[in-house]
Novice: 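Sharing a structure here in structure tokens format.
The structure presented is a predicted model; accordingly, all values stated were derived computationally and were not measured. First the proteins, then the strands, lettered A, B, ... as listed; each starts at 1.
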2 protein chains.
Amino acid sequence: MNLIQRPADATSLAHDRVYRHLRGRIMYGDVAPGHAMTLRGIGREYEVSMTPAREAVRRLVAEGALTMSTSGRISTPELSNERIEELAALRALIEVELASRALPRAHMALIERLQTINARVAEAVAHRDAVSYIRTNLEFHRTLYLRAQAPAMLAMAETVWLQMGPTMRALYGRLRRTEPPQFHRLIIAALRAGDEPGLRLAVRSDVTQGLRMLAS
Amino acid sequence: MNLIQRPADATSLAHDRVYRHLRGRIMYGDVAPGHAMTLRGIGREYEVSMTPAREAVRRLVAEGALTMSTSGRISTPELSNERIEELAALRALIEVELASRALPRAHMALIERLQTINARVAEAVAHRDAVSYIRTNLEFHRTLYLRAQAPAMLAMAETVWLQMGPTMRALYGRLRRTEPPQFHRLIIAALRAGDEPGLRLAVRSDVTQGLRMLAS
DNA sequence: CATGCCACTTTGTGATCACAAAAGTGGTGG
DNA sequence: CCACCACTTTTGTGATCACAAAGTGGCATG
């Protein structure tokens with residue numbers, strides 16, 4: 001009978017807490033494609049009832065982070081190659097625009113911050129840590145795009161990242177190279193030079209490089 | 001005690017029925033920006049309890065069709081001009097790509113179908129029927145984009161339409177012109193000629209024409 | 001040994017309720 | 001006439017339950 005009542009702090013609502021945590025796990029590749037979940041299982045894990053678990057799941061399904069079978073079973077999506085190509089194309093479209101809008105606002109402090117993040121990306125690659133790589137790589141992109149002052153576009157881009165999360169884990173998991181990301185350096189160089197065409201090309205290349213891994 | 005039990009037909013689940021109906025009403029401009037709703041009100045309207053009403057609303061909030069205040073109050077969004085510009089830019093990016101992908105697959109039957117729909121668009125404009133105009137206009141675009149065989153991109157485009165629904169109603173509601181949509185004819189002409197640059201320009205122009213109305 | 005079948009378990013769905021916070025309402029004092 | 005306070009109503013949140021359908025495992029039968 002609702003004996004355990006939580007203070008109604010707007011930032012600690014149960015369903016939102018579950019949503020955010022699950023979202024992070026999916027986006028950053030903590031969970032493999034096709035991984036099944038249950039509402040009761042999620043409820044147990046986060047010590048909540050089925051109701052907030054269901055709301056969190058419903059929201060993630062709406063964002064494409066989870067799929068539901070016709071019988072309502074929940075799992076992370078296993079993307080077809082066609083779907084991956086589409087999502088990569090969407091990333092290219094949206095993120096090139098975001099980078100382009102960020103360019104005139106990208107000052108030295110931002111560029112230095114990107115370099116710092118990029119060092120962490122290189123470190124993750126060197127350690128073959130797929131989860132860290134995905135997380136820091138997305139942080140690199142998000143840091144740049146935040147400067148675009150375009151929240152709706154950034155939200156769209158993050159939705160695409162979310163949909164690709166489990167697949168990126170699987171892709172980068174079987175990745176064997178250890179060289180740091182070359183296109184990130186191109187992005188930084190283009191930002192420093194104020195070179196918009198170069199920036200667009202560098203972002204497009206960086207975003208679609210996963211496709212080349214897929215084809216190999 | 002769950003006395004009224006509905007047959008568990010996968011297509012008639014309560015929350016999905018509510019979701020789809022609300023989604024249509026919002027996307028096609030049946031409801032004005034800033035319009036408030038309540039879970040119990042929705043439940044009464046659709047003769048369901050709060051649970052499926054909440055799930056439908058949660059999903060629509062995730063898609064940006066509805067907004068929730070910090071206290072959980074629900075209403076359709078009132079978009080700022082910056083947000084409208086962003087959404088129009090997203091439409092341009094995604095829909096130009098969709099049209100471009102549809103072009104090689106656009107045969108005579110499709111073009112004729114587009115002309116039929118366009119006649120209905122013109123009729124709606126002539127009758128100054130904002131809801132019919134939005135509905136048939138989106139049907140025109142959707143019919144074209146379906147040929148692109150890119151479901152993820154189409155879903156993104158529809159999400160943008162959904163977010164703009166109430167605002168489009170407000171915009172077109174104060175629209176006074178009665179001439180049929182010029183850019184639709186350009187789109188059809190470019191399709192017929194297999195002219196990709198022309199098609200991209202025509203779609204971009206059509207999609208961003210609302211902005212000019214906004215500026216006036 | 002394979003296969004169909006039946007009982008049992010797991011799981012999502014929707015209704016209902018208690019609760020707290022927010023919004024609305026009316027009256028009183030400045 | 002307006003600001004403020006107490007009270008009532010409205011509203012979202014989360015827990016719990018009944019139910020049906022889907023999955024699961026074992027057993028008997030061919």
Novice: Pick the closest DNA chain C nucleotide for Pro52(B) and for Arg40(B) by heavy atoms, then say which residue is nearer the 5' end.
Specialist: Pro52(B)

Novice: Return no unless some side-chain N or O of Arg73(A) is found under 4.0 Å from OP1 or OP2 of dA21(D).
Specialist: no

Novice: Tell me which nucleotide among dA15(C), dG12(C), dA23(C) gets nearest to the side chain of Ser49(B).
Specialist: dA15(C)

Novice: Consider the side chain of Leu13(A), meaning its heavy atoms from C-beta on, and name the nucleotide among dT16(D), dT13(D), dT11(C) that approaches it most closely.
Specialist: dT13(D)

Novice: Determine whether a donor-acceptor pair (one donor, one acceptor, N or O, separation below 3.5 Å) exists between the side chain of Arg54(B) and the base of dG14(C).
Specialist: no

Novice: How long is the line joining CE of Met50(A) and C1' of dT10(C), in whole Å?
Specialist: 11 Å

Novice: Would you please name every residue forming a side-chain contact (heavy atoms from CB on, under 4.5 Å) with Pro104(B), sequence neighbours left out?
Specialist: none

Novice: Between Arg44(B) (CZ) and dG12(D) (C1'), how many Å, whole number?
Specialist: 14 Å

Novice: Rounded off to whole Å, could you give me the CD1-to-P distance for the Ile42(B) and dT10(D) pair?
Specialist: 17 Å

Novice: Please state whether the base of dA21(D) and the side chain of Ser71(A) form at least one donor-acceptor pair under 3.5 Å?
Specialist: no

Novice: Just by distance, with hydrogens left out, do Tyr19(A) and Glu55(A) show a side-chain donor and acceptor under 3.5 Å apart?
Specialist: no

Novice: Hey, which sits more toward the 5' end of DNA chain D by its nearest nucleotide, Gly72(B) or Thr51(A)?
Specialist: Gly72(B)

Novice: Can you give each donor-acceptor pair under 3.5 Å made by side-chain atoms of residues 113-121 of chain B, sequence neighbours left out, with the distance rounded to 0.1 Å?
Specialist:
from      : atom 1 : to        : atom 2 : distance (Å)
Thr116(B) : OG1    : Glu112(B) : O      : 3.0
Asn118(B) : OD1    : His184(B) : ND1    : 2.9
Arg120(B) : NH2    : Glu139(B) : OE1    : 2.8
Arg120(B) : NH2    : Glu139(B) : OE2    : 3.4

Novice: Using whole Å, what does the distance between atom C1' of nucleotide dG12(C) and atom CD1 of Ile74(A) come to?
Specialist: 7 Å

Novice: Figure out the CG/P separation between Leu39(A) and dT11(C), and round it to whole Å.
Specialist: 10 Å

Novice: Starting at CD of Glu45(B) and ending at C1' of dT11(D), how long is that distance when rounded to a whole Å?
Specialist: 17 Å

Novice: Roughly how many Å is it from OH in Tyr19(A) to P in dG14(D), rounded to a whole number?
Specialist: 15 Å

Novice: Side chains of Leu171(B) and Met164(B): does their closest heavy-atom pair fall under 4.5 Å?
Specialist: no

Novice: Looking only at the side chains, is there a donor atom on one of Arg58(A) and His15(B) sitting less than 3.5 Å from an acceptor on the other?
Specialist: yes

Novice: Without decimals, in angstroms, what is the distance between Glu55(B) CD and dG12(D) P?
Specialist: 15 Å

Novice: Where the side chain of Met68(A) is defined as all heavy atoms beyond and including C-beta, which of dT10(D), dA15(D), dT13(C) is the nearest nucleotide?
Specialist: dT13(C)

